[in-house]
K.L.:
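After the structure tokens below, expect a handful of questions from me.
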There are 2 protein chains.
Amino acid sequence: MNPFATHFESLEEFADRVSELLQCPITIEDANHRLIAYSGHEHYTDPARTATIIHRRVPERVINSLWREGVIPKLLQSEEPVRVAEISEVGLGNRIAISIWRNKEVLGFIWAIEMNEPWTEQQLDLLKQAAKSAKNLLLQLQIRKNKKEERIQEFFWKLLTGHFPSPHEVIEQCHQLNVHVYPFFSVGIFQFQQHIQTQVERQIDYLLKTTQQLAVPLYTIDHQRLIVLVAPSSNIYGEAHIERFFRSFITQMKERFRVDIMMGAFGNVYECYTKIAKSYEEAQTVLKMKRAFPHPLANIQGYQHLGMYQFFDLLFEKKRHGDFHNVALENLKQYDAQHHTNLVETIETYLDYDSNVNETAKALNIHPNTLAYRLKRISEIGNIDLSNMSEKVKLYIDMKLDKYRTT
Amino acid sequence: MNPFATHFESLEEFADRVSELLQCPITIEDANHRLIAYSGHEHYTDPARTATIIHRRVPERVINSLWREGVIPKLLQSEEPVRVAEISEVGLGNRIAISIWRNKEVLGFIWAIEMNEPWTEQQLDLLKQAAKSAKNLLLQLQIRKNKKEERIQEFFWKLLTGHFPSPHEVIEQCHQLNVHVYPFFSVGIFQFQQHIQTQVERQIDYLLKTTQQLAVPLYTIDHQRLIVLVAPSSNIYGEAHIERFFRSFITQMKERFRVDIMMGAFGNVYECYTKIAKSYEEAQTVLKMKRAFPHPLANIQGYQHLGMYQFFDLLFEKKRHGDFHNVALENLKQYDAQHHTNLVETIETYLDYDSNVNETAKALNIHPNTLAYRLKRISEIGNIDLSNMSEKVKLYIDMKLDKYRTT
DNA sequence: ATAGCTTTTGTGGAAATCCACAAAAGCTCG
DNA sequence: CGAGCTTTTGTGGATTTCCACAAAAGCTAT
């Protein structure tokens, strides 16, 4: 006989019933570790549970330790209860956890605190039955969510394409759709190795929902790309926060789910919501440039750190139009071709290494004096003053533009 | 009784007659020291005269010494004969010269070689009469020239505005107008302090016609600007030749005629005649940038050496559109405002001096260690890697663009 | 092949840079 | 005012750069 066969008004009522039967505190989470319901009886409660209830989500530190300990992978693999030993550094007491399944998908988890005595087989069976019964209750939530999700997706695309002329409209829409409005934001893109499958979509959703490094009020998936709206908590260090989040997202996708992300990119941080489209464009520019200049931009994600590559699209357009042919560079190329020398490579490397003689010589495998000699020749043949920033800049950009052409 | 009252078939005939009467070699030049006629009698001839006859113009070295010795200024001031002592380093023997006048304008010169004996008063009078008679003969030449000149002016403006789609048409027109076609060319502009008066026009014409540093097949005057088509003799060192010519033109205008030229500028050297319009635009860009950045571009005249300023128009357009606001720079500005520091000035000067610590410190009147400290702070506050060329370039350009805005 | 060029590598010394550390001066805020 | 911060200047030493000069190696054209 199933003790949960009765009708429950709410999930809270269900949680209380489970707690009553098992004589311990119960917490129910969705697949993304957001709090769905918890029992209210007066029992001992560990700090991790208290924090979860207060913030309506499991703290990220706790989630991370659970992954590290292998608990969550186990929960995602089987329908059996999992015993979790105390993890005192995150305030987690002894626990019993079980996943809630529908078909092959995990809808959520039930967490029980293991009080003084170890659980009996009977108690574990009871928990399994509870997990089965929770399924239907969770499904109802799910359906309500999905409908809303679709409308939110549409809204996000409108934002990305600059559909809203005034910020008021955006904020109004946010309120209607129950999307939290943050003071600062940026648009980011993750480029995946492959088309993003449904399973990966769930894993993305999981990571985005569980992270607490910054808020991700909106995201969408488009072929091989994941587009996110991120809201760092501070304006001044926003860039750095997003940067860190992007790196951890990429490593977590890899380590936890074995999903490779080729690269991430994000635009500037803005305050006005009409600038979402601009931030999105900037993120796209970063991706484009990273593809064209993989080596120098390997560690760049933010538009701010794109440096001079920010305006390469513009310059390249002009160059294709036949403008700025650089006589100095042409002379150097010609000299290289006629004398089998490497003057262009030399000056490019030299500038890549910020005019540092030692490093450049090392990179080119030549003696520093050889480098000095070549630089002298370069300034002669190209008629360039290598101690003039403006000329150096022009030459550097022209060389890089040449490479861009070939992409 | 005037011995030159008869009709002369040609200027040569006239020159011979003068030579006969004075018993010495006679050379007649126009106002720009081009050979118009010379006597053919067998007399002693100094090397300067020989060279003049062979090249159909007075060698530039000779003209320059005549200016230096004050001969030409004297000729341009009075109608009296001028005695010229030997200038052996340019092969010029003892001479008597006189200018040919119409109203207040000098049309040309008559040169006589003073043979063994000094001239008598009678001989000098004869020369004065010859100069008077030469006037009418020269005037006829002048009128024929002026008509052609107008059509050439129109042609040049068509070239500057890109009116001809194919080079063949250009070359055909050149042949029709008797304009020499050169293999390489560039368009240059001189910006004068004031509107160019008729008198200055003649002085310009004089300098352009007498120079032999490079060919100036076409030129025109437009308000405060003189626009020239220059044809350097070599392609490889074309830039340098034009550069030198521009400098000497400016100093000569100043020294000889007390006319101030604010600046000169010229575009790239091209081979195809349809690119005249482009070279002209480039020259205009140089002028524009020199106006906006007088200090760093004080010594720049050629478009090739504009360096990064070549594309500032383009970038500024984009910037005005609201793109690339540089968070690093904004942070630095804010810090400067709040703490009464000079970080922006510091980094700008540092980059102006090509990252040279000593020079920068000297320019800013601070201790090198102070500079080092400030640079550390700059990289912290702006979150900039100052050993990354691309970031430096971006920052430098953004700072200079900021200055461009205020122009 | 060899003379005459360019290019590479080496040596050594003066100058500049970088770095760590510390004293002093200046500014801000309770 | 004075504690605590930032900023400036100073000292000294390891490292790097710059420069001049020279030997050696490589290329090219006669």
Side-chain angles (χ1 to χ4, degrees), chain A residues 234 236-237 328-389 391-393 395-396, chain B residues 234 236-237 328-389 391-393 395-396:
Chain A
S234 121
I236 308 171
Y237 299 112
L329 186 53
E330 277 160 25
N331 287 348
L332 291 176
K333 277 186 196 166
Q334 198 184 328
Y335 193 91
D336 273 353
Q338 282 177 359
H339 299 79
H340 313 295
T341 46
N342 306 307
L343 298 187
V344 174
E345 188 199 358
T346 302
I347 184 64
E348 184 171 358
T349 312
Y350 179 66
L351 294 177
D352 276 341
Y353 283 93
D354 189 42
S355 308
N356 183 309
V357 175
N358 254 342
E359 285 184 38
T360 310
K362 222 174 288 165
L364 290 173
N365 273 319
I366 56 174
H367 194 277
N369 282 0
T370 305
L371 178 58
Y373 171 74
R374 286 194 192 166
L375 292 175
K376 191 173 67 91
R377 294 291 287 143
I378 285 165
S379 73
E380 285 166 5
I381 292 163
N383 187 20
I384 317 165
D385 177 4
L386 281 179
S387 64
N388 178 324
M389 183 67 179
E391 290 206 25
K392 272 174 25 171
V393 167
L395 184 63
Y396 193 53
Chain B
S234 122
I236 308 171
Y237 299 111
L329 186 53
E330 278 160 23
N331 286 349
L332 291 176
K333 279 185 194 166
Q334 198 185 328
Y335 193 91
D336 273 353
Q338 283 178 0
H339 298 79
H340 313 294
T341 46
N342 307 307
L343 299 187
V344 174
E345 188 200 358
T346 303
I347 184 65
E348 185 171 359
T349 312
Y350 179 66
L351 294 177
D352 276 340
Y353 284 93
D354 190 41
S355 308
N356 182 311
V357 175
N358 254 340
E359 285 185 39
T360 311
K362 221 174 290 168
L364 290 172
N365 275 317
I366 56 174
H367 195 278
N369 283 359
T370 306
L371 178 58
Y373 171 74
R374 286 195 193 165
L375 290 175
K376 191 173 67 96
R377 294 291 287 142
I378 285 165
S379 73
E380 286 166 6
I381 292 163
N383 187 20
I384 315 167
D385 177 5
L386 281 179
S387 64
N388 179 325
M389 183 68 179
E391 291 207 25
K392 273 177 17 174
V393 167
L395 183 63
Y396 193 52

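Chain identifiers are assigned alphabetically (A, B, ...) following the order of the sequence lines, protein sequences preceding nucleic acid strands; residue numbering begins at 1 within each chain. What you see below is based on every heavy atom in this structure, not just the backbone, and it leaves out hydrogens, waters and symmetry mates.
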K.L.:
With a 4.0 Å limit, can you tell me whether A/Arg374 has a side-chain N or O closer than that to the phosphate oxygens OP1/OP2 of C/dT7?
P.N.:
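Negative; the distance criterion is not met.
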K.L.:
How would you list, by chain and number, every residue that makes a salt bridge (charged side-chain N to carboxylate O under 4.0 Å, His left out) with A/Lys362, sequence neighbours excluded?
P.N.:
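Per chain and number, A/Lys362 pairs via salt bridge (charged side-chain N to carboxylate O under 4.0 Å, His left out) with no residue.
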K.L.:
Just to be sure I understand the geometry, which residues of residues 341-348 of chain B put a non-hydrogen atom under 4.0 Å away from DNA chain C?
P.N.:
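Per residue number, the list is empty: none.
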K.L.:
Rounded off to whole Å, could you give me the CD-to-C1' distance for the A/Glu380 and C/dT7 pair?
P.N.:
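Atom CD in A/Glu380 sits about 13 Å away from atom C1' in C/dT7.
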K.L.:
Could you give all pairs that pass the salt bridge (charged side-chain N to carboxylate O under 4.0 Å, His left out) test and reach residues 332-343 of chain A, with sequence neighbours left out?
P.N.:
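Those involving residues 332-343 of chain A are A/Lys333-A/Asp402.
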K.L.:
Partners of A/Glu380 by salt bridge (charged side-chain N to carboxylate O under 4.0 Å, His left out), sequence neighbours excluded?
P.N.:
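With sequence neighbours excluded, A/Glu380 shows a salt bridge (charged side-chain N to carboxylate O under 4.0 Å, His left out) to A/Lys376, A/Arg377, given in chain and number order.
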K.L.:
Identify the heavy atoms of A/Gly382 and A/Leu332 that sit nearest to each other, and give their distance.
P.N.:
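Closest approach of A/Gly382 to A/Leu332: N-CD2, 4.2 Å.
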K.L.:
In Å, rounded to the nearest 0.5 Å, how long is the span from CG of B/Leu375 to OG of B/Ser355?
P.N.:
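If I round to the nearest 0.5 Å, the distance is 8.5 Å.
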K.L.:
Measure the distance from CG on B/Asp336 to C1' on C/dC27 and round it to the nearest whole Å.
P.N.:
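After rounding, the reported distance stands at 16 Å.
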K.L.:
For A/Tyr335, look at atom OH and say whether over 12 heavy atoms of other residues, nucleotides or ligands are found less than 6.0 Å away.
P.N.:
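Correct, the count exceeds 12.
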K.L.:
Would you say A/Arg377 reaches C/dT6's phosphate, i.e. side-chain N/O to OP1/OP2 under 4.0 Å?
P.N.:
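Checking A/Arg377 against C/dT6: no side-chain N or O falls below 4.0 Å of OP1 or OP2.
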K.L.:
Roughly, in whole Å, what's the span from CG in B/Leu375 to C1' in C/dT17?
P.N.:
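To the nearest whole Å, that distance equals 12 Å.
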K.L.:
Taking atom P of D/dT7 as reference, at what distance in whole Å does atom CD1 of B/Ile378 sit?
P.N.:
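Distance, rounded to whole Å: 11 Å.
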K.L.:
Considering just the side-chain nitrogens and oxygens of B/Thr370, establish if one lies under 4.0 Å of OP1 or OP2 belonging to D/dT9.
P.N.:
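Answer yes for this pair, as a side-chain N or O of B/Thr370 is under 4.0 Å from OP1 or OP2.
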K.L.:
Between residues 349-367 of chain B and DNA chain C, which residues have a heavy-atom gap below 4.0 Å?
P.N.:
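Hits under 4.0 Å, by residue number: B/Asn356, B/Val357, B/Asn358.
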K.L.:
Are any non-hydrogen side-chain atoms of A/Glu391 and A/Leu386 less than 4.5 angstrom apart?
P.N.:
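Side-chain contact under 4.5 Å: no.
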K.L.:
Would you name the heavy atoms of A/Ala363 and A/Thr349 that are closest together and state the gap between them?
P.N.:
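Looking at all heavy atoms of both residues, the closest pair is CB-CG2, 4.2 Å.
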K.L.:
Atom CG in B/Asn356, atom OG in A/Ser387: separation rounded to 0.5 Å?
P.N.:
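OG of A/Ser387 is found 9.0 Å from CG of B/Asn356.
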K.L.:
I'd like to compare against my own output: the B/S/- annotation of nucleotides 19-30 of chain D with a strict under-4.0 Å heavy-atom distance to protein.
P.N.:
BB----------
K.L.:
Quick one: does A/Arg374's side chain get under 4.5 Å of A/Asn342's, heavy atoms only?
P.N.:
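Sidechains of A/Asn342 and A/Arg374: in contact.
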K.L.:
Could you check whether any side-chain heavy atom of A/Asn383 comes within less than 4.5 Å of a side-chain heavy atom of A/Asn331, counting everything from C-beta outward?
P.N.:
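They are not in side-chain contact.
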K.L.:
Is B/Tyr373 close enough to D/dT8 that one of its side-chain N or O atoms is under 4.0 Å from OP1 or OP2 there?
P.N.:
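Looking at the OP1 and OP2 atoms of D/dT8, neither is under 4.0 Å from any side-chain N or O of B/Tyr373.
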